[in-house]
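Here is the structure we will look at, set down as structure tokens.
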Amino acid sequence: GRPSLYAICKLIQRCAELFLILGPTFAAYLLQRTPLLGLIISRETLLSMFVSALARCGPVGIKWGQWASTRYDLFDDETCAAMGALTNKAPTHSFEWSRHVIETSFGRPLDDLFESFDMEALASGSIGQVHTATLRSDGTRVAVKVQHPHLGPRLAVDMFLLRAAADLVSSFAPALRVGETADQFATNFEMQLDFRDEAAFLRKFSSNFSGSFWTAHVTFPKPMEDLIAHDVLVETFEPGESIAMFLERKGERKAGQWKRIGDGPSGWVMVDYADEKEETEDDSMIRMSVALCGIQAYLKMVIFDNLIHADLHPGNVLVRMADIGPMARLQRWVLMGDYSPRVPHIVFLDAGLAAGFNDDIFANVQRFFEAIVACEGRLLGESVLKLAPTQPHVRTPSAFVGEFEVKCAAQKAEFDAGDRHPQQPRDAQRSQRFLRASASSLPAPTRLPSHRCGCPPLARRWSPWR
């Protein structure tokens with residue numbers, strides 16, 4: 001319908017707020033680009049101002065910063081590191097609001113539910129913040145996730161402005177499909193606003209990773225069944241350290257050039273690297289173990305479970321060292337080539353955003369990875385073509401598939417001859433062992449449960465004109 005005076009005022013107010021928040025940072029950027037005057041503001045100061053501005057912009061700015069912190073392919077290391085502050089250190093709301101939401105959601109005083117409750121938030125993100133507490137019923141230590149205040153109305157205005165900007169860009173560059181991106185961004189926010197959906201996803205993930213091998217290496221928090229509401233989720237507290245901080249403590253990864261000095265895989269050595277902060281051999285093994293286990297867990301979600309954690313920024317992935325039993329050690333040795341009694345254990349948090357494929361795409365994704373493992377170029381090329389309904393840049397599908405066949409055959413010959421870097425053949429063999437063993441032992445793929453609300457995207461559902 002026609003916009004009301006109140007809606008127009010809210011939009012104008014929000015535009016003014018964004019101008020006041022982002023304006024000083026933009027002015028500082030222009031000043032830094034000015035000769036001589038640019039020396040007044042350092043790059044570190046400018047990044048700090050930008051991160052602070054994004055945090056004050058609200059959920060949309062925070063989510064963009066979280067996304068940017070993982071895009072080392074688009075931004076330099078310094079920028080990504082600065083944006084990393086938004087992964088779990090976003091602005092917090094008051095303890096009084098957390099108490100109000102908890103007591104309203106469960107109809108009981110806070111002291112009746114918890115023996116102890118930390119008033120200071122442990123972490124905060126774009127949707128809510130987390131407090132640690134101890135249940136009065138059985139003494140279990142838990143994490144209490146509470147949604148930030150008035151999130152719905154604030155997001156409605158921001159998403160309307162985002163879609164308006166996307167429509168403006170699309171009118172000049174329709175090929176960029178910015179409108180579709182804005183719709184997807186809005187839908188992702190909407191999916192995370194009902195914590196009951198997150199609890200359902202946590203149950204499903206826990207079930208998918210309930211085997212003896214996976215429970216020794218991967219954990220998802222378990223929701224407390226009587227303490228789940230739209231705006232509050234109480235789940236088991238899982239100790240750990242952010243994966244970014246964990247790996248940072250493990251020394252600096254070697255960076256240099258590979259040079260061949262002999263025959264076979266052992267004939268490769270790395271040269272021209274700085275060894276001031278060189279990682280130890282133990283650190284290297286831990287780093288490799290974290291990477292391999294994390295990749296295999298993600299491949300399991302994609303290839304076998306068809307339920308994928310879609311918000312894996314560093315703040316949502318924790319690592320801790322844990323002891324494993326003889327059976328898990330044996331399985332780890334068979335699948336990963338490591339028999340260590342103490343290994344990294346990965347914790348996946350914040351499962352409110354999960355995704356899956358439809359039947360046709362899921363079947364094609366499985367064929368895609370089967371082709372990679374078997375190094376079958378024709379099947380791989382055909383699978384790539386089927387990943388999208390149209391392929392405007394492929395003029396001759398047969399030639400495209402034929403090129404895949406040639407490249408896969410050449411790569412297979414290199415692997416068989418050991419003509420790759422020393423670590424690559426061994427890692428490829430481990431991945432093949434894992435995929436083949438998993439394919440023979442896992443049950444049939446499960447379907448992704450449909451979203452509870454079945455709602456259209458947030459930007460359309462919550463119109464500021466209403």
Fill in: Charged tip of Arg136 within 45° of Phe114 ring normal and under 6.0 Å
no
Fill in: Electrostatic pair Arg203:Glu225 at N-O distance under 4.0 angstrom
yes
Worksheet item: Looking at Lys63 and Asp311, does any basic side-chain N land under 4.0 Å from a carboxylate oxygen?
Response: yes
Discussion item. Checking the side chain of Gln366 only, and the main-chain atoms of Ile303 only, is there a donor and an acceptor separated by less than 3.5 Å?
Written reply: yes
Fill in: Met49 CE to Thr25 OG1 distance, which is reported to the nearest 0.5 Å
4.5 Å
Worksheet item: Going by heavy atoms in the side chains, are Ser124 and His148 under 4.5 Å from each other?
Response: yes
Fill in: Flag for Ser48-Thr45: side-chain donor and acceptor within less than 3.5 Å
no
Worksheet item: Is there a side-chain contact between Phe195 and Ile228, using heavy atoms and a 4.5 Å cut-off?
Response: no
Worksheet entry | Carboxylate-amine/guanidinium contact Lys145 Asp350, below 4.0 Å | yes
Discussion item. What I'd like to find out is whether the side chain of Pro221 reaches to under 4.5 Å of the side chain of Leu202, using heavy atoms alone.
Written reply: yes
Worksheet item: Got a donor-acceptor contact below 3.5 angstrom from the Asp305 side chain to the Leu307 backbone?
Response: no
Practice prompt. Could you tell me whether the side chain of Arg329 and the main chain of Tyr339 form a donor-acceptor pair under 3.5 Å?
Written response: yes
Fill in: Enclosure of Tyr298 OH (heavy-atom neighbours >12, cutoff 6.0 Å)
no
Practice prompt. Verify the distance criterion only: is there a donor paired with an acceptor across the side chains of Ser98 and His93 at less than 3.5 Å?
Written response: yes
Discussion item. Under a 3.5 Å distance rule, please check whether Thr236 uses its side chain to pair with a backbone N or O of Lys222 as donor and acceptor.
Written reply: yes
Practice prompt. Measure across Ala68 and Cys80 and return the closest heavy-atom pair with its distance rounded to 0.1 Å.
Written response: O-SG, 3.6 Å
Practice prompt. Would you please classify the geometry between the Phe220 ring and the Phe209 ring as parallel, tilted or perpendicular, with 30° and 60° separating the classes?
Written response: tilted
Fill in: Minimum-distance pair of heavy atoms, taken over all atoms of Leu233 and Pro223
CD1-CB, 4.1 Å
Worksheet item: At their closest point, which heavy atom of Cys408 faces which heavy atom of Cys375, and how far apart are they?
Response: O-SG, 3.3 Å
Worksheet item: Between Val319 and Glu241, is a side chain to side chain contact (heavy atoms under 4.5 Å, CB included) present by the stated rule, with each step listed?
Response: CA-CA 5 Å; Val319 180; Glu241 184 178 14; 5.8 Å; no
Practice prompt. Evaluate the side-chain proximity of Leu54 to Leu86: yes if any heavy-atom separation is below 4.5 Å, no if none is.
Written response: yes
Worksheet item: Ignoring hydrogens and geometry, is there a side-chain-to-backbone donor-acceptor pair from Ser69 to Gln66 under 3.5 Å?
Response: yes
Worksheet entry | Ile346 vs Val317 side-chain heavy atoms within contact, under 4.5 Å | yes
Discussion item. With a 3.5 Å distance limit and no angle check, can you tell me whether Gln147 reaches the backbone of Gly128 through a side-chain donor-acceptor pair?
Written reply: no
Item to complete: Walk me through it: do Ile62 and Cys57 pass the test side chain to side chain contact (heavy atoms under 4.5 Å, CB included)?
Response: CA-CA 7 Å; Ile62 294 170; Cys57 281; over 6 Å; no
Practice prompt. Considering non-hydrogen atoms only, spot the tightest contact between Thr140 and Asp138 and give its length.
Written response: OG1-OD1, 2.9 Å
Practice prompt. Would you please say whether a donor-acceptor pair under 3.5 Å links the side chains of Thr219 and His345?
Written response: yes
Item to complete: Could you grab the distance from atom CZ of Phe213 to atom CE of Met327, nearest 0.5 Å is fine?
Response: 13.0 Å
Fill in: Ser105 side chain vs Ile102 backbone, donor-acceptor pair below 3.5 Å
no
Worksheet item: Can you check whether Pro326 reaches Leu330 side chain to side chain, under 4.5 Å on heavy atoms?
Response: no
Worksheet item: Does a side-chain heavy-atom distance below 4.5 Å link Val144 with Val142?
Response: yes
Worksheet item: Quick check, are the ring centers of Phe117 and His131 under 6.0 angstrom apart?
Response: yes
Item to complete: Would you check if the distance from the ring center of His100 to the ring center of Trp97 is below 6.0 Å?
Response: yes
Practice prompt. Please report the shortest heavy-atom distance between Ile324 and Ser340, naming the atom on each side.
Written response: CD1-O, 3.7 Å
Discussion item. Between the side chains of Glu382 and Arg367, is the shortest nitrogen-to-carboxylate-oxygen separation below 4.0 Å, so that they form an ion pair?
Written reply: no
Discussion item. Before you tell me yes or no, could you show the steps for Arg108 and Glu103 under salt bridge (Lys or Arg N to Asp or Glu O under 4.0 Å), namely the whole-Å CA-CA distance, both residues' side-chain angles and the distance that decides it to 0.1 Å?
Written reply: CA-CA 5 Å; Arg108 298 172 59 186; Glu103 294 181 346; over 6 Å; no
Item to complete: Find out whether Leu151 and Leu193 are in side-chain contact, i.e. whether some heavy atom of one side chain is under 4.5 Å from a heavy atom of the other.
Response: yes
Worksheet item: Are Arg43 and Glu78 within salt-bridge range, i.e. N to O under 4.0 Å?
Response: yes
Practice prompt. Check whether more than 12 heavy atoms from other residues, nucleotides or ligands sit under 6.0 Å from atom CG of Asp76, and answer yes or no.
Written response: yes
Response to the item:
Taking every heavy atom of Pro239 against every heavy atom of Arg320, the minimum-distance pair comes out as O-NH1, 2.8 Å
